[in-house]
Amino acid sequence: MANIFSSLKNAYNLFKHVDFDKLEALSKKVDLPKMVETISSLDEKQLSGMMKMVGGSGKNKELPPIEGDFYHLGDEALKEDDRELQLKVRAFLEKEVKPIVNEYWNRAEFPFEIIPKLAALNICGLTYKGYGCPGKSNLMEGILAMEMARIDTSISTFFGVQSGLAMGSIYLCGSEEQKQQWLPLMQQFKIIGAFGLTEPEVGSAAAGGLTTTCKRNGNKWTLNGQKKWIGNATFADVLVIWARDEDDNEVKGFLVKKDNPGFAVEKMKDKMALRIVQNGLITLTNCEIDETDRLQNANSFKDTAKVLRMTRAGVAWQAVGCARGAYENALEYTRTRKQFGKPIASFQLIQNHLVEMLSNLTAMQTLCFRLSQLQDQGLLKDEHASLAKVFCSLRTRDVVSKAREVMGGNGILLEYNVARFVADAEAIYSYEGTKEINTLIVGRAITGFSAFV
């Protein structure tokens with residue numbers, strides 16, 4: 001009798017969960033008795049597999065966190081206070097920058113309202129000692145460059161020009177008086193800087209072919225020529241301008257103020273990449289500069305190269321950030337986007353793309369970690385920075401391409417946060433030394449022969 005009541009109870013509980021309308025509709029399509037017999041004959045493994053196929057686990061699957069640092073390099077390498085700073089910067093970028101970048105990128109305008117908030121983070125001139133700068137490691141600087149580029153490469157570029165190229169030129173090539181005058185204010189973003197090396201007809205050939213000239217007349221220098229692609233140029237307060245001395249043919253550096261007579265700048269328009277960065281075409285027409293505004297320790301292109309060597313490592317980190325941003329957004333998309341009744345992240349071909357992206361990203365990260373370690377140890381050479389720039393800018397192209405691919409048509413829409421990375425990767429590929437020039441720097445180092453023309 002107890003068995004009968006138990007069976008009736010189980011049957012009652014079963015019927016409570018049966019939708020008889022759906023059951024009737026199903027009976028018109030399949031032989032229900034045969035289907036029940038077939039299912040009841042399955043073993044546990046077969047039944048579990050079938051339930052996974054139809055999504056019948058009844059539970060919401062807990063997915064792993066989206067994490068572009070797959071080998072946890074940041075966790076292992078950073079001190080506790082540096083890790084806290086990294087997370088603080090990440091939170092700022094997520095809250096203050098990410099919600100607005102698509103709008104500003106689309107309009108090719110700069111969000112000036114974030115500058116005071118960036119200043120409050122106290123990260124500008126991060127590696128410099130003194131002058132109000134934090135004096136932290138090059139590794140920490142690289143990681144923060146990655147964090148910025150992970151959200152937007154344009155903002156990372158703006159910061160790199162200010163903190164790296166402009167402040168770096170003064171820090172490495174300026175006199176003590178010039179450092180005291182400019183660096184504390186630039187560190188607080190009270191003065192915005194720019195770096196003018198590239199010219200309309202001179203990019204890769206800057207080492208020996210600058211057409212912008214300077215000539216000394218007593219305590220004055222006269223500058224003539226043009227500079228192109230100069231980030232921050234349209235609103236910078238002071239610009240580091242590199243020019244070839246007509247007398248000794250060596251490259252000199254100058255601090256040119258925005259209101260200096262003979263200085264003019266025009267915003268470059270219609271860019272397909274780094275649209276938030278305000279690049280300018282600078283024209284110098286008999287622009288007179290005092291000797292006190294010449295960088296006192298910049299006497300040849302070798303001094304300019306010191307600045308480029310330092311910042312080229314930062315560009316490699318920017319490439320990592322660009323790739324990481326594309327990868328993480330693509331991964332999130334594939335886990336929520338459904339086709340054929342399932343998230344596309346469950347498809348084998350999509351997983352293959354994601355793993356290839358992560359492989360490239362992880363290789364880039366480990367390369368840049370070692371590069372920054374060499375920099376902190378005082379062992380960094382031109383070829384080290386150039387190899388990282390070549391590899392990372394190439395691999396970033398691969399990552400952003402696959403990120404766009406797994407998102408299908410949505411990958412070209414700004415709202416899905418990958419299209420910007422696809423476009424901006426092209427700028428990273430070219431600036432701070434093209435693939436070809438950096439390849440020749442590494443080639444010279446490993447073969448002992450210079451292949452430069």
Side-chain angles (χ1 to χ4, degrees), residues 138 142 157 160 164-165 168-169 172-173 195-213 225-231 242-245 248-253 273-274 298-320 322-323 360 363-364 366-375 377-401 425-453:
N138 290 285
T157 300
L165 289 169
S169 295
L172 294 176
C173 301
F195 178 89
L197 177 63
T198 304
E199 300 179 350
E201 301 299 328
V202 180
S204 298
L210 286 184
T211 61
T212 298
T213 61
Q226 285 190 312
K227 298 293 180 179
K228 190 176 182 181
W229 293 110
I230 311 308
W242 300 93
R244 181 176 54 81
D245 190 337
D248 63 12
N249 213 38
E250 295 288 358
V251 172
K252 305 286 198 303
L274 297 183
N299 299 306
S300 72
F301 190 80
K302 289 182 179 180
D303 297 312
T304 318
K306 293 176 185 177
V307 182
L308 298 176
R309 182 187 311 124
M310 176 183 66
T311 57
R312 191 163 288 151
V315 175
W317 274 110
Q318 283 185 348
V320 175
C322 181
N360 277 325
M364 292 159 61
T366 53
L367 177 65
C368 283
F369 262 81
R370 180 56 185 153
L371 180 71
S372 290
Q373 287 175 339
L374 289 172
Q375 198 169 5
Q377 294 165 6
L379 300 175
L380 180 71
K381 296 181 179 179
D382 287 336
E383 54 265 30
H384 295 143
S386 290
L387 181 65
K389 172 62 166 62
V390 168
F391 181 80
C392 292
S393 59
L394 277 171
R395 296 286 75 81
T396 294
R397 268 181 155 186
D398 290 343
V399 172
V400 300
S401 175
E426 291 304 303
I428 294 174
Y429 183 70
S430 295
Y431 74 10
E432 289 258 7
T434 63
K435 171 185 175 293
E436 289 75 17
I437 291 298
N438 280 301
T439 294
L440 294 183
I441 291 173
V442 179
R444 180 178 59 193
I446 63 177
T447 66
F449 296 100
S450 177
F452 286 95
V453 175

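At a threshold of 4.5 Å between non-hydrogen side-chain atoms, the residues Glu383 and Arg444 do not count as touching. Between Tyr429 and Leu394 there is a side-chain heavy-atom pair separated by less than 4.5 Å. Contact of the Lys381 side chain with the Arg309 side chain is not registered, since no non-hydrogen atoms from C-beta on lie closer than 4.5 Å. Using a 4.5 Å cut-off on side-chain heavy atoms (C-beta onward), Leu308 and Phe301 make contact. Ile428 has its side chain out of reach of Thr157: every pair of non-hydrogen atoms, C-beta onward, lies at least 4.5 Å apart. The shortest distance between side-chain heavy atoms of Arg312 and Ile441 falls below 4.5 Å. Within the 4.5 Å cutoff, side-chain heavy atoms of Val307 are placed close to those of Leu165.
How far CG of Leu379 is from CG of Leu371: 11.5 Å, rounded to the nearest 0.5 Å. Between the CZ atom in Arg395 and the SG atom in Cys392 there is a gap of 9.5 Å [rounded to 0.5 Å]. Rounding to the nearest 0.5 Å gives a distance of 7.0 Å between CD of Glu426 and OG of Ser430. Taken to the nearest 0.5 Å, the NZ atom of Lys389 stands 10.5 Å off from the OG1 atom of Thr311. Interatomic distance, CZ of Phe391 versus CG of Leu367, reported as 6.5 Å (0.5 Å rounding). Distance CG/Leu380 to CE/Met310: 10.5 Å, rounded to 0.5 Å.
No donor-acceptor pair under 3.5 Å is formed between the side chain of Asn438 and the backbone N or O of Val390. In this structure, the side chain of Thr212 engages the main chain of Gln226 through a donor-acceptor pair within 3.5 Å.
For Phe369, the ring pair (Phe, Tyr, Trp, His ring centres under 6.0 Å) partners two or more places apart in sequence, or in a different chain, are Trp317.
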Glu201/Thr211 under side chain to side chain contact (heavy atoms under 4.5 Å, CB included): CA gap, chis, key distance, verdict: CA-CA 8 Å; Glu201 301 299 328; Thr211 61; 5.8 Å; no
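The shortest heavy-atom contact between Val399 and Ala323 is CG1-O, 3.5 Å. Here the closest non-hydrogen pair linking Glu250 and Ser300 is OE1-CB, 3.3 Å. The nearest pair of heavy atoms linking Asp303 to Cys173 is O-SG, 3.8 Å. Nearest heavy atoms, Trp242 versus Leu210: O-CD1, 3.8 Å. Summarising the geometry of Ala313 relative to Ala385, their closest heavy-atom pair is N-CB, 4.4 Å, with the distance given to 0.1 Å. Here the shortest heavy-atom pairing between Ala425 and Thr396 reads CB-CG2, 3.9 Å.
Salt bridge annotation for Glu199-Lys227: present, with a cationic side-chain nitrogen under 4.0 angstrom from a carboxylate oxygen.
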